[in-house]
Student: 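Sharing a structure below in structure tokens format, with a few things to ask.
All ligand and atom numbering here is 1-based and tracks the order in the structure. In this chain, residues are counted from 1 in sequence order.
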Amino acid sequence: MFKKVLIANRGEIAVRVIRTCKSLGITTIGVYSEADADAPHVKMADEAYLIGGPRVAESYLNINKILEVALESGAEAIHPGYGLLSENTDFARRCEEAGLIFIGPSPEVISKMGSKIESRKAMEEAGVPVVPGITYPLADEEEAVEAADRIGYPVMLKASAGGGGIGMQVVHNGDEIRKAFAGNQKRATDFFGDGAMYIEKFVENPRHIEIQILADSLGNTVYLWERECSIQRRHQKVVEEAPSSFITEETRTKMGEAAVKAAKSIGYKNAGTIEFLVDEEQNFYFLEMNTRLQVEHPVTEEITGLDLVEKQLQIAAGDALEFSQEEVKREGHSIEVRIYAEDPKTFFPSPGKITKLELPNGPGVRHELAIHGQSVVTPFYDPMIAKLVVKGSNREEAINRLQDALVDYHIEGIKTNIPMLQEVIAHPAFQSGDTTTDFVNKYLKTKKANNIK
Ligand code: MV4
């Protein structure tokens with residue numbers, strides 16, 4: 001195992017990674033920006049180095065500076081967390097070139113999965129179901145209309161480099177495509193520097209269900225069941241749970257096996273997630289692969305009893321997975337909610353100084369925190385300030401524990417989305433498991449502020 005690891009991230013995920021490193025006796029190197037001198041991850045790390053100004057481009061995305069700190073401090077490996085540099089092909093390659101181990105898959109795999117068209121192609125070749133559609137960049141809107149006529153409407157126009165719904169639109173006929181094409185292509189070019197567009201059949205009322213996998217460098221790949229993440233607001237996940245109450249045992253096995261096949265076919269290594277859309281008939285289709293540890297990984301840890309950060313470190317150090325697929329357990333039910341510093345009515349970020357923080361506890365309650373009781377939440381970073389994770393022996397118990405915990409969760413000084421989370425969890429549709437991707441628009445009182453294009 002490594003002796004020294006640099007954590008190239010901030011907030012709750014940096015804290016999370018440091019915690020496991022400490023439990024394994026690994027010395028932790030933190031990095032921080034001028035805005036984060038007082039942040040929890042800085043206090044927790046064994047050593048912490050200032051790497052630049054508050055804006056991420058000056059600090060947490062500053063590859064040269066981060067590599068310099070890693071080399072000077074004697075770190076052997078870098079954990080990128082999620083977001084920031086975690087899916088940056090150039091960073092993974094630069095780590096390799098500097099003789100540092102990037103804790104994640106190879107730069108080639110990150111790059112391939114970063115392109116929606118490339119990853120679709122890879123999955124088609126591997127025999128993993130993809131949504132009926134095309135697997136090449138469209139030359140222009142007329143080619144899009146031709147393809148859509150073949151696929152059948154409605155279709156979804158998508159950007160190959162897309163994320164967060166950017167460059168994506170549902171279209172119902174040729175005229176709509178002609179109207180939508182150039183605008184979406186331009187947005188994709190502006191945001192990602194890549195205007196490649198493709199189309200897929202539009203899947204109605206889908207659920208977002210993803211499979212966690214682990215792959216070691218010796219060829220062992222296992223799936224750690226699913227997470228259901230259908231409740232999202234503007235492509236931001238809000239509530240995640242495991243297991244899904246929607247899929248059958250048969251679908252669960254098929255999806256797990258498809259995810260392992262997907263990972264093996266591309267030579268995947270480390271922890272990864274295959275996202276699927278699941279339709280009302282339980283057909284599932286590959287959507288995209290996330291080549292990093294995800295925000296919602298704790299719900300998988302809760303039902304499997306595994307520490308995913310520990311597995312990532314072991315895999316990166318060259319160790320074999322010490323268990324087989326049959327030995328992966330699935331016990332109880334876990335739900336995570338993301339707590340954002342935002343106005344619960346307007347959903348605008350709500351930075352400011354925290355004046356009071358009182359956290360619930362009790363059986364089955366877990367916290368992942370980016371803040372402490374006197375933190376200043378700045379506007380420079382993602383407004384997610386904490387995750388509340390609960391576990392129960394079944395979904396009902398998990399829901400009850402979550403409701404109680406949210407009542408006892410007190411943050412003062414800034415506004416948070418806790419009222420919205422309470423509304424979701426208390427809703428009969430959530431309680432009965434009716435959790436499709438249009439939940440927020442369909443059921444919440446606040447839905448006017450939640451328009452999805
Ligand atoms: C879709 C879809 C329906 N049909 N693709 C949204 C984010 C992006 N990564 C893919 N997304 C979707 N792709 C087809 N062919 C519906 C969505 C979608 C969605 C997916 C998962 C969770 C929430 C969502 C909210 C709106 C649309």
Side-chain angles (χ1 to χ4, degrees), residues 82-83 87 113-121 123-124 128-135 138 144 147-148 150-172 176-177 180 184 187-188 191-192 194 196-211 226-241 244 246-247 255 273-292 294-296 336 338 347 424 429-430 434-444 447 449-453:
Y82 54 69
E87 291 176 294
M113 294 299 113
S115 155
K116 306 269 151 73
I117 294 177
E118 283 294 305
S119 60
R120 250 184 83 90
K121 198 190 288 171
M123 294 306 134
E124 262 180 355
V128 174
V130 297
V131 188
I134 61 163
T135 341
L138 292 163
R150 256 182 291 126
I151 296 163
Y153 294 95
V155 296
M156 209 161 198
L157 189 59
K158 292 187 171 188
S160 182
I166 293 157
M168 196 178 87
Q169 197 172 329
V170 186
V171 282
H172 299 86
E176 279 186 25
I177 295 187
N184 283 287
R187 270 191 289 284
F191 267 88
F192 312 111
D194 175 2
M197 303 294 294
Y198 68 109
I199 52 174
E200 282 179 357
K201 179 97 188 151
F202 178 61
V203 180
E204 315 255 359
N205 302 320
R207 289 169 193 253
H208 172 124
I209 300 180
E210 58 187 32
I211 309 290
E226 77 283 1
R227 295 184 286 261
E228 177 156 351
C229 317
S230 301
I231 299 191
Q232 309 194 2
R233 197 188 74 79
R234 294 192 180 176
H235 305 292
Q236 277 276 34
K237 292 169 187 165
V238 179
V239 181
E240 300 107 340
E241 59 184 307
S244 162
F246 176 68
I247 60 172
M255 290 180 74
T273 297
I274 324 274
E275 296 185 356
F276 292 100
L277 284 180
V278 183
D279 73 13
E280 287 161 324
E281 276 80 53
Q282 309 239 335
N283 298 304
F284 59 88
Y285 307 97
F286 171 82
L287 198 55
E288 53 194 79
M289 179 160 196
N290 298 313
T291 58
R292 59 169 193 275
Q294 286 192 267
V295 177
E296 59 271 26
E336 171 181 286
R338 299 186 187 193
F347 297 106
V424 173
F430 179 81
D434 176 15
T435 51
T436 54
T437 49
D438 59 353
F439 185 93
V440 171
N441 281 307
K442 197 163 147 191
Y443 295 118
L444 293 202
K447 67 185 171 186
N450 302 316
N451 62 301
I452 294 174
K453 283 192 286 291

Student: Quick check on side-chain contact (heavy atoms from CB on, under 4.5 Å): which of R227, M255, M289, E275 does I211 satisfy it with?
Tutor: M255
Student: What atoms of ligand 1 come within less than 4.0 Å of a heavy atom belonging to K158?
Tutor: 1 (C), 5 (N), 10 (C), 13 (N), 14 (C)
Student: Considering the heavy atoms of V131, write down every atom of ligand 1 situated less than 4.0 Å from one of them.
Tutor: 15 (N)
Student: Tell me whether E226 is salt-bridged to R207, with the criterion being a basic N under 4.0 Å from an acidic carboxylate O.
Tutor: no
Student: Distance under 4.0 Å to a non-hydrogen atom of F202: what atoms of ligand 1 satisfy this?
Tutor: 3 (C), 4 (N)
Student: With a 4.5 Å cut-off on side-chain heavy atoms, are F430 and I231 touching?
Tutor: yes
Student: Salt bridge between K121 and E124, side-chain N to carboxylate O under 4.0 Å?
Tutor: no
Student: Using a strict cut-off of 4.0 Å, indicate which atoms of ligand 1 neighbour a heavy atom of L277.
Tutor: 1 (C), 2 (C), 3 (C), 4 (N), 5 (N), 14 (C), 20 (C)
Student: Are T273 and Q294 linked by a side-chain donor-acceptor pair shorter than 3.5 Å?
Tutor: yes
Student: Is it the case that N290 and Y82 place a side-chain donor and acceptor less than 3.5 Å from each other?
Tutor: no
Student: Give the numbers and elements of all ligand 1 atoms closer than 4.0 Å to a heavy atom of E288.
Tutor: 9 (N)
Student: Within ligand 1, which atoms have a heavy atom of Q232 less than 4.0 Å away?
Tutor: 22 (C), 23 (C)
Student: Does V203, backbone or side chain, put an N or O under 3.5 Å from an N or O of ligand 1?
Tutor: yes
Student: Using a 4.0 Å cutoff against the non-hydrogen atoms of M168, which atoms of ligand 1 qualify?
Tutor: 6 (C), 8 (C), 10 (C), 11 (N)
Student: Between E87 and R292 (salt bridge meaning N to carboxylate O under 4.0 Å), is one present in this structure?
Tutor: yes
Student: Which option wins on minimum heavy-atom distance to atom 25 (C) of ligand 1: H235, K201, H208?
Tutor: H235
